[in-house]
**Student:** 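My structure is below; once you've seen it, I'll send some questions.
Worth knowing before you read on, the calculation uses all heavy atoms, side chains too, and leaves out hydrogens, waters and symmetry mates. Order of the sequence lines sets the chain letters (A, B, ...), proteins ahead of strands, with each chain counted from 1.
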Amino acid sequence: MSENIRVRFAPSPTGYLHVGGARTALFNWLFARRHGGKFILRIEDTDQARNTDEAMKAIFEGLKWLGLDCDEGPETGGDYGPYYQSQRQDIYDAYMSKLEATGRVYTEENGAVRFKFSRIPIVIPDLVCGDVTFAATEEPDMTLRRPDGSYIFHFVNVVDDIEMRISHVFRGEDHLSNTWKHIDLYHAFGVEAPRFGHIPLLLNPSGSKMSKRDEGASIESYIQAGFHPNAVFNYLCLLGWTPKTEGELITSEQASQIFDISEIHHSNARFDMVKCKWLNQHYMRALDPDELDTFVRKVAQLALPTTHCDTKESALLWQLQQLNLTTVSPAVSSAAFQSVKEKVSLATEFAPWVHFFFRDDFLIDEEVRTKLTAIPQAASLLTALHHSLKNATTWDETNITTIVTEVAAEQKVKPGALMPLLRFSLSGQTRGPDVKIMMNILGQNSTTTRIERLITILS
RNA sequence: GACCCCUUCGUCUAACGGUUAGGACACAUCCCUUUCACGGAUGCGAUGCGAGUUCGAUUCUCGCAGGGGUCGCCA
């Protein structure tokens, strides 16, 4: 039985990989993995005018990024290809002939071919919504083929699902109202329809269907914003499904063990970028220093978008690229990222937190100058620190702490009074990593040089 | 307009017909703390409305309202 389970994701390459589409793909993938079935990718590119190579690439890369591997598809091949609808014209022609033989179609004056609806009530047994009944239709007959010989979505979709032996069709609820047309077609072909399951829609924060303009609409935007795929995968699982796990965290392995289509919700869900980012922060923090370094470097290598350079995301990515990580040793960068990883939620947000680790000519914040002038003994304290640190024989976090504590005692101030001064010297900023960690990463030389620099500026 | 789906805190959601209606994100306050965070604690906050069934309704039924979707020679 489970041998025969075959589901498919059938996007059209007319835009980007939409987050709603990705979620549909995700649920199909989970169903296939859960039941040992096949997950098939089919490109619905019958509308020549609207297809783009860019969109095609976004689909392949987006699915791979999310870890939704296809068992059959344009890139993987398979026994039921070709997997581009644009290459299946002969199959459609053959099916059209079958339909002509049944007398269920007729040709209009301009050459378009229409399908005669049976005009009887049709029940959709839906795995998510239950039985949905549509009364005998009064709509005009449906067009199947354009005068130029190309075919319409409803026709090719049904033909391909038959030909590719698709057992279950899980798609957005926006298709529910059209499904009776598909069932009518299956019956006309004398074929049993697959099992359907209509998944609730993904809504934008204002409550309407996610569209291209909405934040987070395309999967590419997550990649460029520095999201970790596991976080996006996890978040998508949570919209429309509640895995019966301890918390809300779930891996693709776990999800594909326990996914149950009958647990899919019936109501639409609004997309919450804040929660998605929270999950991302969680997943980034779970990475060890090497994994984090690898991840951030990978993000830094992404191409800047050529079309939307003015977005907040691309500005952050640009900043990350200005770090010139290729000139930085992984030992330094991994320690730097590690030191602030609980302060950011996206990989692209690291730059302002770590840039001073990689270059000496950072700017001093205005806020820092203001605070420094409010500390009368700043210069003398820094001079004392400089003296002791310069003479340090071992340079590690423990010893650094000891030295700072000693200087504080000598100067009759709390160690806490010295920390901001050191932070200002080393980073030019009022916020940042733990001071002793900063000093340790920078090393003795750079640390003392930077303190000297601030003393000079003060005098 | 016709048809279809849906309706629990701001958002995502949990709750055999019996719970002080639970959790997560967000928000607020406090603790921790050299900063920012992280972490911990507390707080704020919901069953759309109206009938009915029932000893008892978030849960079942109907009506209404609201939201979403579909009615293409787009997919």
**Student:** Using the P atom in both, what is the distance from B:rG18 to B:rU70, to the nearest Å?
**Tutor:**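 It comes out at 37 Å once rounded to the nearest Å.
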
**Student:** What I want to find out is whether A:Arg146 reaches A:Asp148 closely enough, with some N-O distance under 4.0 Å, to be called a salt bridge.
**Tutor:**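 Judged by the 4.0 Å cut-off on N to carboxylate O distance, A:Arg146 and A:Asp148 do not form a salt bridge.
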
**Student:** Looking at A:Glu349 and A:Lys343, is there a salt bridge between them, counting it only when a charged N and a carboxylate O are closer than 4.0 Å?
**Tutor:**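 Salt bridge absent between A:Lys343 and A:Glu349.
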
**Student:** Write out a two-atom table: protein N or O, nucleotide N or O from nucleotides 61-63 of chain B, distance below 3.5 Å.
**Tutor:**
none

**Student:** Return the 5'-most residue of the pair A:Pro433, A:Leu201 with respect to RNA chain B, ranking by each residue's nearest nucleotide.
**Tutor:**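 Taking each residue's closest nucleotide, the earlier one in sequence belongs to A:Pro433.
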
**Student:** Could you check which nucleotide pairs with B:rA65 in any of the strands shown, counting Watson-Crick or G-U wobble with both distances under 3.5 Å?
**Tutor:**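 With both distances under 3.5 Å, B:rA65 matches B:rU7.
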
**Student:** Grab the NZ-C1' distance between A:Lys371 and B:rC36 for me, whole Å please.
**Tutor:**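 Value for this atom pair: 11 Å.
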
**Student:** Counting only Watson-Crick or G-U wobble pairs whose two distances fall under 3.5 Å, which nucleotide matches B:rU58?
**Tutor:**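 No nucleotide pairs with B:rU58.
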
**Student:** At under 4.0 Å, does any side-chain N or O of A:Arg114 touch on OP1 or OP2 of B:rC73?
**Tutor:**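 Looking at the OP1 and OP2 atoms of B:rC73, one of them is under 4.0 Å from a side-chain N or O of A:Arg114.
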
**Student:** Tell me, please, whether A:Tyr80 has A:Arg6 positioned over its six-membered ring: NZ or CZ under 6.0 Å from the ring centre and within 45 degrees of its axis?
**Tutor:**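 Checked: cation-pi criterion met.
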
**Student:** Contact class for A:Lys341 (heavy atom, under 4.0 Å): base, sugar-phosphate, or nothing?
**Tutor:**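 No contact.
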
**Student:** Any chance the rings of A:Trp29 and A:Phe9 have centres within less than 6.0 Å?
**Tutor:**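 Ring centres of A:Phe9 and A:Trp29 not closer than 6.0 Å.
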
**Student:** Please figure out whether A:Thr430 or A:Met142 has its closest RNA chain B nucleotide nearer the 5' end.
**Tutor:**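 Looking at the nearest nucleotide for each, A:Thr430 comes out on the 5' side.
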
**Student:** Decide, yes or no, whether a salt bridge links A:Lys209 with A:Asp214 under the criterion of side-chain N to carboxylate O below 4.0 Å.
**Tutor:**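 No.
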
**Student:** Nearest to the A:Trp353 side chain among B:rC74, B:rC36, B:rC38, which nucleotide is it?
**Tutor:**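 Within the option list, the nearest is B:rC36.
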
**Student:** According to a strict under-4.0 Å criterion, is A:Asn178 in side-chain N/O contact with OP1 or OP2 of B:rC71?
**Tutor:**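 Answer is yes, contact under 4.0 Å.
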
**Student:** Need one value for A:Asp434: base, sugar-phosphate or nothing, where a base atom within 4.0 Å counts as base even if backbone is also close, heavy atoms only.
**Tutor:**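 Base contact - A:Asp434 has a heavy atom under 4.0 Å of at least one base atom.
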
**Student:** Roughly how many Å apart are B:rC44 and B:rG39, using the P atom of each and rounding to a whole number?
**Tutor:**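 22 Å, rounded to whole Å.
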
**Student:** Side chains of A:Ser118 and A:Arg104: closer than 4.5 Å at any heavy-atom pair?
**Tutor:**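 Yes; the side chains approach each other to less than 4.5 Å.
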
**Student:** For the residue pair A:Arg119 and A:Phe134, would you count it as a cation-pi contact if the rule is NZ or CZ under 6.0 angstrom from the ring centre and within 45 degrees of the ring axis?
**Tutor:**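 Output no; distance or angle outside limits.
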
**Student:** Can you tell me the Watson-Crick or wobble partner of B:rC27, both distances under 3.5 angstrom?
**Tutor:**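 Paired with B:rC27, as far as the under-3.5 Å criterion goes, is B:rG43.
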
**Student:** Using purine N1 to pyrimidine N3 plus N6-O4 or O6-N4 for Watson-Crick, or N1-O2 and O6-N3 for G-U wobble, each under 3.5 Å, what pairs with B:rA14?
**Tutor:**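 Its partner: none found.
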
**Student:** Between B:rG10 and B:rG67, how far is it from one C1' atom to the other, in whole Å?
**Tutor:**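 It works out to 16 Å between them.
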
**Student:** For B:rU19, give its Watson-Crick or G-U wobble partner with both distances under 3.5 Å, or none.
**Tutor:**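 Paired with no nucleotide.
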
**Student:** Hey, does the Lys NZ or Arg CZ of A:Lys341 hover above the aromatic six-ring of A:Phe337, less than 6.0 Å from the centre and inside 45° of the axis?
**Tutor:**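 No, A:Lys341 does not sit over the ring of A:Phe337.
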
**Student:** Please report, rounded to the nearest Å, how far the C1' atom of B:rG72 is from the CD atom of A:Glu108.
**Tutor:**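 Spelled out: CD on A:Glu108 to C1' on B:rG72 is 13 Å.
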
**Student:** What is the distance, rounded to the nearest whole Å, between atom CZ of A:Phe153 and atom C1' of B:rA75?
**Tutor:**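 Atom-to-atom, A:Phe153 to B:rA75, this comes out as 6 Å.
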
**Student:** Please name the nucleotide paired to B:rG72 by Watson-Crick or G-U wobble geometry with both distances under 3.5 Å, or report none.
**Tutor:**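 No nucleotide pairs with B:rG72.
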
**Student:** Check step by step if salt bridge (Lys or Arg N to Asp or Glu O under 4.0 Å) holds for A:Glu44 and A:Arg42.
**Tutor:** CA-CA 6 Å; A:Glu44 305 221 330; A:Arg42 180 174 77 224; 2.9 Å; yes

**Student:** Under 4.0 Å between a side-chain N/O of A:Lys277 and OP1 or OP2 of B:rA26, yes or no?
**Tutor:**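 Answer no for this pair, as no side-chain N or O of A:Lys277 is under 4.0 Å from OP1 or OP2.
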
**Student:** In whole angstrom, give me the gap between the C1' atoms of B:rG66 and B:rG48.
**Tutor:**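 Straight-line distance between the two C1' atoms is 7 Å.
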
**Student:** Between B:rC9 and B:rU47, how many Å separate the two P atoms, rounded to a whole number?
**Tutor:**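 Taking atom P in both B:rC9 and B:rU47, they lie 7 Å apart.
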
**Student:** From the options B:rG68, B:rC73, B:rC71, select the nucleotide whose nearest atom is closest to the side chain of A:Lys181.
**Tutor:**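 Out of B:rG68, B:rC73, B:rC71, the nucleotide with an atom closest to A:Lys181's side chain is B:rC71.
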
**Student:** Between B:rU53 and B:rU58, how far is it from one P atom to the other, in whole Å?
**Tutor:**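 Per the computed distance, 16 Å lies between those P atoms.
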
**Student:** Using whole Å, what does the distance between atom P of nucleotide B:rG23 and atom NZ of A:Lys244 come to?
**Tutor:**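 So the two atoms are 19 Å apart, to the nearest Å.
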
**Student:** In terms of side-chain geometry, is the basic nitrogen of A:Glu100 or A:Lys98 positioned less than 4.0 Å from the acidic oxygen of its partner?
**Tutor:**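 The answer is no: the pair does not qualify as a salt bridge.
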
**Student:** Whole angstrom is fine here: how far is it from NE2 in A:His154 over to P in B:rU70?
**Tutor:**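 It is 11 Å, rounded to the nearest whole Å.
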
**Student:** Regarding A:Gln429, tell me which of base, sugar-phosphate or nothing describes its non-hydrogen contacts under 4.0 Å with the strands shown.
**Tutor:**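 It contacts nothing in the nucleic acid.
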
**Student:** In whole angstrom, what separates A:His182's NE2 from B:rA75's P?
**Tutor:**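 After rounding, the gap between these two atoms is 11 Å.
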
**Student:** Taking any heavy-atom pair under 4.0 Å as a contact, classify A:Arg285: base, sugar-phosphate, or nothing.
**Tutor:**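 Here A:Arg285 touches the backbone only, sparing every base.
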
**Student:** Taking only the P atom of each, what is the distance from B:rU54 to B:rC12 in whole angstrom?
**Tutor:**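 The same atom, P, in both gives a distance of 35 Å.
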
**Student:** Is the shortest side-chain N/O distance from A:Arg146 to OP1 or OP2 of B:rA75 below 4.0 Å?
**Tutor:**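 It does, given that an N or O in the side chain of A:Arg146 lies less than 4.0 Å from OP1 or OP2 of B:rA75.
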
**Student:** I'd like to know if A:Lys275 pairs up with A:Glu248 as an ion pair, taking the criterion as any Lys NZ or Arg NE/NH1/NH2 lying under 4.0 Å from an Asp or Glu carboxylate oxygen.
**Tutor:**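 Result for this pair is yes, salt bridge flagged.
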
**Student:** Using the C1' atom in both, what is the distance from B:rA26 to B:rG45, to the nearest Å?
**Tutor:**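 The same atom, C1', in both gives a distance of 11 Å.
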
**Student:** With heavy atoms under 4.0 Å as the rule, sort A:Asn157 into base, sugar-phosphate or nothing.
**Tutor:**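 Counting heavy atoms under 4.0 Å across all strands, no contact is made by A:Asn157.
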
**Student:** For A:Glu61, check salt bridge (Lys or Arg N to Asp or Glu O under 4.0 Å) against everything at least two apart and list the hits.
**Tutor:**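 Expected list: none.
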
**Student:** Taking the minimum atom-to-atom distance to the side chain of A:His175, which one of B:rA26, B:rC38, B:rA75 wins?
**Tutor:**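 Of B:rA26, B:rC38, B:rA75, B:rA75 is nearest to the side chain of A:His175.
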
**Student:** For the pair made of NZ in A:Lys436 and P in B:rC36, what is the distance, rounded to whole Å?
**Tutor:**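 About 16 Å, once rounded to whole Å.
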
**Student:** Students often get this wrong, so: under 4.0 angstrom with heavy atoms, is A:Thr14 touching a base, only sugar-phosphate, or nothing?
**Tutor:**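 Nothing: the residue A:Thr14, judged by heavy atoms under 4.0 Å, touches no strand.
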
**Student:** Would you mind classifying the nucleic acid contact of A:Gly432 as base, sugar-phosphate or nothing, using non-hydrogen atoms under 4.0 angstrom?
**Tutor:**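 Counting heavy atoms under 4.0 Å across all strands, the contact made by A:Gly432 includes a base.
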
**Student:** Checking ring-ring contact (aromatic ring centres under 6.0 Å, His included) for the pair A:Phe189/A:His187: CA distance, chi angles, key distance, verdict?
**Tutor:** CA-CA 5 Å; A:Phe189 283 123; A:His187 291 345; over 10 Å; no

**Student:** Round to the nearest Å and state the distance from A:Met439 atom CE to B:rU35 atom P.
**Tutor:**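 Spelled out: CE on A:Met439 to P on B:rU35 is 17 Å.
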
**Student:** I'd like a table of atom pairs between the protein and nucleotides 2-13 of chain B - only N or O on both sides, under 3.5 Å - with the distance next to each one.
**Tutor:**
{"from": "B:rC5", "atom 1": "O2'", "to": "A:Glu173", "atom 2": "OE1", "distance (Å)": "3.0"}
{"from": "B:rC12", "atom 1": "OP1", "to": "A:Arg270", "atom 2": "N", "distance (Å)": "3.0"}
{"from": "B:rC12", "atom 1": "O2'", "to": "A:Leu238", "atom 2": "O", "distance (Å)": "3.2"}
{"from": "B:rU13", "atom 1": "OP1", "to": "A:Gly240", "atom 2": "N", "distance (Å)": "3.1"}
{"from": "B:rU13", "atom 1": "O3'", "to": "A:Thr242", "atom 2": "OG1", "distance (Å)": "2.9"}

